[in-house]
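Along the sequence shown, the residues carry numbers beginning at 1.
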Amino acid sequence: MTSQSNAERDEPTTVLPTTDSGSDTSEYADSDVEVDEEEMKKWLSTAYERGSKKPMKEPLTAPWGLPISDADVEKLKVGFKSKSMDDKWDMLIEDPDENGGISLHIIRSWLQEECYILHIVPKPSSDDGGSAKIQSITWEGNKAGLQCDAEQAKKEAVILTRGHLHCEFEALPDYPSSVFWDSKAYKKLDA
């Protein structure tokens, strides 16, 4: 068996294809990359665009008034964008309204259907030690002919945001995963 020194070994090389055309293809290639990058940024963005998702068929809204920590507010503002079909959920954040309130839209990613919206109001500007709050929740009132009440919708939204965004929601108990889509919490809608 013979050995070769490093100097004698051939280094692998990469050969790029060439074109016989006299046209400049680099401009075309650069524009494709730019479009692809913009589309990729939009696809990966956690920003919610009104009208870009299927609206709820029967939206129901209930007050909540759940105080949330500054750390949880920051986690909610980051949102979550699914990277594969296995993730199942997107959590997109809507731009603040004129009062600084934001909405987190929890969307079934592969169907692009809104399931829950958390309406969050900011911490009061005074130094009274107040906190931000989830003021209310909106949820789909017709999930394939089934409907849950506000308490079940809140539990499901909390389970999802704790799981995907690692929110604490210190004021709430830990819910077991069996609570999510608990069949006893749903009633059949009349046809």
Chemist: Give a yes or no on whether Phe169 and Phe180 share a hydrophobic cluster (residues Ile, Leu, Val, Met, Phe, Trp, Tyr; joining criterion: side-chain heavy atoms under 4.5 Å apart).
Modeler: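 Linked within one cluster.
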Chemist: Find out whether Arg162 and Asp174 are in side-chain contact, i.e. whether some heavy atom of one side chain is under 4.5 Å from a heavy atom of the other.
Modeler: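 Result yes, sub-4.5 Å side-chain heavy-atom pair found.
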Chemist: Taking side chain as C-beta onward, heavy atoms only, is Ser69 less than 4.5 Å from Glu170?
Modeler: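 Yes; the side chains approach each other to less than 4.5 Å.
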Chemist: Do the side chain of Trp89 and the main chain of His164 share a donor and acceptor less than 3.5 angstrom apart?
Modeler: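 No, Trp89 side chain to His164 backbone: no donor-acceptor pair under 3.5 Å.
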Chemist: Please name the residue in the list Leu104, Val78, Leu118 that meets the side chain to side chain contact (heavy atoms under 4.5 Å, CB included) test with Ile93.
Modeler: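 Of the listed options, the one satisfying the test is Leu104.
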Chemist: Out of curiosity, Tyr116 OH to Thr161 OG1, how far, rounded to the nearest 0.5 Å?
Modeler: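 Output value for this atom pair is 10.5 Å.
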Chemist: Count I, L, V, M, F, W, Y as connected when their side-chain heavy atoms are under 4.5 Å apart, and connections chain through other members. Are Ile134 and Val179 then in the same cluster?
Modeler: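 Hydrophobic grouping puts Ile134 with Val179.
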Chemist: Check whether Asp97 reaches the backbone of Asn99 with its side chain - one donor and one acceptor, N or O, closer than 3.5 Å.
Modeler: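 Such a contact is found between Asp97 side chain and Asn99 backbone.
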Chemist: Which heavy-atom pair separates Ile137 from Ala157 by the least distance, and what is that distance?
Modeler: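 Between these two residues, the closest heavy atoms are CD1-CB, 3.9 Å.
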Chemist: Is a side-chain N or O of Glu113 found less than 3.5 angstrom from the main chain of Arg108, in a donor-acceptor match?
Modeler: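 No: the side chain of Glu113 does not pair with the backbone of Arg108.
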Chemist: Quick check: closest heavy atoms across Pro63 and Ser136, and the distance to 0.1 Å?
Modeler: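 Looks like CA-CB, 4.1 Å.
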Chemist: Is there a side chain to side chain contact (heavy atoms under 4.5 Å, CB included) between Lys75 and Lys77? Walk through the geometry before answering.
Modeler: CA-CA 5 Å; Lys75 292 173 186 177; Lys77 284 181 178 180; over 6 Å; no
Chemist: Is it the case that the side chain of Lys83 and the backbone of Lys81 share a donor-acceptor pair, with hydrogens and angles ignored and the cut-off at 3.5 Å?
Modeler: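 Yes.
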Chemist: May I ask you to test the Trp139-Glu156 pair for a side-chain heavy-atom distance under 4.5 Å?
Modeler: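 Trp139 does not reach Glu156 side chain to side chain.
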Chemist: Spell out, as yes or no, whether a donor-acceptor pair under 3.5 Å connects the side chain of Asp72 to the backbone of Cys167.
Modeler: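 Between the backbone of Cys167 and the side chain of Asp72 there is no qualifying donor-acceptor contact (under 3.5 Å).
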Chemist: Considering all heavy atoms of both residues, which atom of Cys148 and which atom of Ala153 are nearest to each other, and what is their separation?
Modeler: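 So the two residues come closest at SG-N, 3.8 Å.
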Chemist: Tyr186 versus Trp181: any side-chain heavy-atom pair under 4.5 Å?
Modeler: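 SC-SC contact between Tyr186 and Trp181 confirmed.
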Chemist: If you round to the nearest 0.5 Å, how far is CD1 of Ile106 from CZ of Phe80?
Modeler: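 Answer rounded to 0.5 Å: 12.0 Å.
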Chemist: Do the side chains of Glu140 and Glu58 get nearer than 4.5 Å, heavy atoms only?
Modeler: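 Yes, their side chains come closer than 4.5 Å.
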Chemist: Do you know which two heavy atoms are closest between Gly141 and Leu189, and how far apart they sit?
Modeler: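 Smallest heavy-atom distance, with atoms named: O-CD1, 3.5 Å.
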Chemist: Any side-chain heavy atom of Leu60 sitting closer than 4.5 Å to one from Gln147?
Modeler: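 The answer is yes; the side chains approach within 4.5 Å.
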Chemist: Looking at Lys133, I'd like to know if its NZ atom is crowded, meaning that more than 12 non-hydrogen atoms belonging to other residues, nucleotides or ligands lie closer than 6.0 Å.
Modeler: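 Atom NZ in Lys133 is not packed in, count stays at 12 or less.
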Chemist: Take atom NZ of Lys187 as the centre, draw a 6.0 Å sphere, and report whether it contains more than 12 heavy atoms from other residues, nucleotides or ligands.
Modeler: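 Not buried by this count: 12 neighbours or fewer within 6.0 Å.
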Chemist: Looking at Ser82, is its backbone amide N or carbonyl O close enough to the side chain of Asp90 to form a donor-acceptor pair, meaning the two atoms are under 3.5 Å apart?
Modeler: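 At least one qualifying donor-acceptor pair exists.
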Chemist: Tell me the closest heavy-atom pair linking Gln152 and Ala185, and the distance in Å.
Modeler: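 In this case the closest contact between Gln152 and Ala185 is OE1-CB, 3.3 Å.
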Chemist: For residues Ser103 and His119, report the shortest heavy-atom separation together with the two atoms involved.
Modeler: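 That would be OG-ND1, 3.4 Å.
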Chemist: Are Ile117 and Met56 packed together at the side-chain level, in the sense that at least one heavy-atom pair is separated by less than 4.5 angstrom?
Modeler: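 When only atoms from C-beta onward are counted, Met56 and Ile117 do touch, with a gap below 4.5 Å.
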Chemist: Are Leu165 and Ile68 co-members of a hydrophobic cluster defined by side-chain heavy atoms under 4.5 Å apart?
Modeler: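 Same cluster.
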Chemist: Does the pair Lys188 and Leu146 meet the rule for a side chain to side chain contact (heavy atoms under 4.5 Å, CB included), with working shown?
Modeler: CA-CA 5 Å; Lys188 186 165 177 53; Leu146 299 173; 4.2 Å; yes
